[in-house]
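Order of the sequence lines sets the chain letters (A, B, ...), proteins ahead of strands, with each chain counted from 1. Everything numeric here is computed off the predicted structure, so don't read it as measured data.
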Amino acid sequence: MRTRFAPSPTGSLHIGGLRTALFNWMFARRHGGRFILRIEDTDQKRYEPHSLEELTEALRWAGLNWDEGPDVGGDYGPYIQSERRELYQTWANWLIENDKAYYAYETAEELDQMRKEQMARKQPPGYNRQHRTLSADERAAFEAEGRVPVVRFKMPLEGDTAIEDVIRGRVVFENATLQDMVLLKADGLPTYHLAHVVDDHFMEISHVMRAVEWLPSLPVHWQLWLAFGWEPPIYAHLPVILNPDGKGKLSKRKPPKDKHGNPIPVMAHDFMKAGYLPEALDNFLANIGWNFGDDREFFYIKDAVERFELERINEANSTFPTEKLEWLNGLHIRELPVDELAARLRKPLEDAGLTVDQDLLLKVTPQVQTRIKTLNEVVGLAGFFFKPEFTPAPAEAIIQKKMDAAATAQALARSRAMLAGVDDFTTQALHDAIQPLTEELGLSNGQLFGVLRVAVTGQTISTPTFETMEIIGKDETLRRIDLALAQVGG
RNA sequence: GGCCCCAUCGUCUAGCGGUCUAGGACGUCACCCUUUCAAGGUGAAGACACGAGUUCGAGUCUCGUUGGGGUCACCA
């Protein structure tokens, strides 16, 4: 079995594209087949130089390794379509010679004009096939004008084209409603239609998994396979991911927002930068349109591979369920070994301008592990550990509910005195030392521990108080309490 | 508009004629735990779009309606 992912290098990788790649990859791995990366760069106008790097970077990040491709080679190369020009031209000529295709001489402007007029007359837009039956003389006349023709496919004018799609069943199209698609452009490069059939034939692709938006052109591709006399692959048209509001497919053009109005990432790189784990993103993507099969939603992709079946793909489109990604990412973070999580936490911390000491990072990591849903959240929750200068919180943050400055100052002073006498500066010992003070001061745990938390961390939401004290040590703890005392006017 | 695809809780989904008084998950809400925030535990609310058929029996099959999506480029 051979599958492929064939993105065009027109930008970074769309999350929908990543899912298509993931499904193709899982299918190949499931069956011990080959997963191929092919670059569809036949549109020189939309080509973006850096996108190939971004594409491969995102795929590698997601763990989707390919067995053949532009950088790794293979027996079916080249894997970049612009390097396969002659192949397409050869086979376009073959179609012409066998009366399966023809030259059409209209310019893009003329076609555009034709469409506009059709629209104005409320007719369905489309090529009128006026050059399908050109005589040799007529062609010569156009050539003499200096016109460069395109090659168009001669679609059958009658009958139906019925194709079996693995996930949708039998799909039937009336040939009369179909177009004579352009196969080879005036610049000598193929359109997707020709390139898809020629490449998938010569690369011996067995299964084509692509998004449903390709379904309308499936009959054209099918007729092409028939015209060439080649055996078509098995087709599977995947459902698309819709915007969270359910309106239209997820697109970077109109940035989607979640229910709180926050922008939702669309490109693979956005997810990478937002602090999601590749294992969580893969898990998430595999859960859209497919399911593990036993109500399990949290899983590792290697386990999903063992159960992957095209027949179990849901044919319905789905809205982008971003809240589930948050949840899954949190779960994957919690499952990571501490040293592994620490390693992944380093980058966001450093990106925030902090200097990260490895020993300190290893101590802080367990304290944030159950508290963050994305890697980036570590900065807000525990960034203070790595700041060169501690910034004390303002008095109003230190003073807890139903307390005033005087009571707060007293709580701080008494705590400081107790803490000063603690030599074993560990969480349990600290807790035991401070706990009795609540009764003495007439405060609840929440009040007293809250005062200390804000004093020591500088934040109202933070890592746990005594754990934090243990990590920063006795001297620093006492120093911060003194600073807090000053803040509340003690 | 033509053609094509799709339709189960707010969302992602299980369901492939009877075991469905429709299961799970996220989210939401309540309670428990609790030094903040989380995590964890328990529980609650919440869906078969509609209408005809077929059948002893339909969420499951057929048709229609409605709704949503895709596509109609010398882009993929």
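- Minimum atom distance to the side chain of A:L215 is reached by B:C5, of the listed B:U71, B:C5, B:C12.
- Here the P atom of nucleotide B:G27 and the CG atom of A:L331 are 9 Å apart, to the nearest Å.
- Checked against B:C37, B:C75, B:A39, the side chain of A:R46 finds its nearest nucleotide in B:C75.
- A:Y276 has its ring centre no less than 6.0 Å from the ring centre of A:H332.
- Rounded to a whole angstrom, the distance from the P atom of B:U21 to that of B:U62 is 23 Å.
- Residue A:E213 has its side chain nearest to B:U71 when only B:U71, B:U36, B:C12 are considered.
- In terms of phosphate contacts, A:N317 brings no side-chain nitrogen or oxygen within less than 4.0 Å of OP1 or OP2 of B:G69.
- The aromatic ring centres of A:F153 and A:H221 sit 6.0 Å or more apart.
- Among the nucleotides B:U36, B:C75, B:G10, the one closest to the side chain of A:E323 is B:G10.
- Within 4.0 Å of A:D112, counting heavy atoms only, lies no atom of the nucleic acid at all.
- Nearest to the side chain of A:R371, among B:C26, B:A38, B:U35, sits B:A38.
- As rounded to the nearest Å, B:G10 and B:U35 have P atoms that lie 38 Å from one another.
- Residue-level contact check: A:L218 touches neither bases nor backbone, having no heavy atom under 4.0 Å from any strand.
- Side-chain N/O atoms of A:K45 include none lying less than 4.0 angstrom from OP1 or OP2 on B:A73.
- Between A:F466 and A:F449, the distance from one ring center to the other falls under 6.0 angstrom.
- Regarding contacts with the backbone of B:A76, every side-chain N or O of A:T191 stays at 4.0 angstrom or more from both OP1 and OP2.
- Rounded to the nearest Å, the gap between the C1' atom of B:G59 and that of B:A14 is 12 Å.
- Remark: P of B:A25 and CD1 of A:I288 are 19 Å apart, rounded to the nearest angstrom.
- Under 4.0 angstrom from either OP1 or OP2 of B:G24 there lies no side-chain N or O belonging to A:R296.
- The side chain of A:K185 places an N or O atom within less than 4.0 Å of a non-bridging phosphate oxygen (OP1 or OP2) of B:C75.
- Looking at the side chain of A:P125, the nearest of the listed nucleotides B:A73, B:U13, B:G23 is B:A73.
- Side chain A:R168 to base B:C5: no donor-acceptor pair is found below 3.5 Å.
- Distances from the side chain of A:T319 to the nucleotides B:G24, B:U11, B:G1 place B:U11 closest.
- Between B:A76 and A:T42, a contact under 4.0 Å exists linking OP1 or OP2 to a side-chain N or O.
- Phosphate contact (OP1/OP2 of B:U36, side-chain N/O of A:K401, threshold under 4.0 Å): absent.
- Salt-bridge formation is detected for the pair A:R38/A:E40: a Lys NZ or Arg NE/NH1/NH2 atom is positioned less than 4.0 Å from an Asp or Glu carboxylate oxygen.
- If you measure from atom OH of A:Y192 to atom C1' of B:C74, you get 17 Å, rounded to the nearest angstrom.
- Side-chain proximity of A:E40 to the nucleotides B:A76, B:C12, B:C74 is greatest for B:A76.
- Using a 4.0 Å heavy-atom criterion, one finds that A:R334 contacts the sugar-phosphate atoms exclusively.
- Rounded to a whole Å, the CG atom of A:L250 is 11 Å from the P atom of B:G70.
- Taking every side-chain heavy atom of A:F466 into account, B:U35 is the closest of B:A73, B:U35, B:C12.
- In this entry B:C72 has B:G1 as its Watson-Crick or G-U wobble partner, both defining distances falling under 3.5 Å.
- A donor N or O paired with an acceptor N or O is not found under 3.5 Å between the base of B:G1 and the side-chain atoms of A:Q123.
- For A:L242, taking side-chain heavy atoms from C-beta onward, the closest of the listed nucleotides B:G69, B:G24, B:U35 is B:G69.
- Under 3.5 Å, the side chain of A:T370 and the base of B:A39 form no donor-acceptor pair of N or O atoms.
- Contact between the side-chain N/O atoms of A:N291 and the OP1/OP2 oxygens of B:U13 is not found at any separation under 4.0 Å.
- Atom P of nucleotide B:U13 and atom CD1 of A:I313 are separated by 12 Å, given to the nearest angstrom.
- Spacing between atom NZ of A:K249 and atom P of B:C5 amounts to 18 Å, rounded to whole angstrom units.
- Judged by a 6.0 Å distance limit and a 45° cone about the ring axis, A:R19 is positioned over the six-membered ring of A:F23.
- For A:E145, the CD atom counts as densely surrounded, since its 6.0 Å shell holds more than 12 non-hydrogen atoms of other residues, nucleotides or ligands.
- For A:R115 and B:G2, the CZ to C1' distance is 16 Å, given to the nearest whole Å.
- Taking the charged nitrogens against the carboxylate oxygens, A:K116 and A:D112 do have a contact shorter than 4.0 Å, which makes a salt bridge.
- Rounding to whole angstrom units, CZ of residue A:F298 and P of B:A25 are separated by 15 Å.
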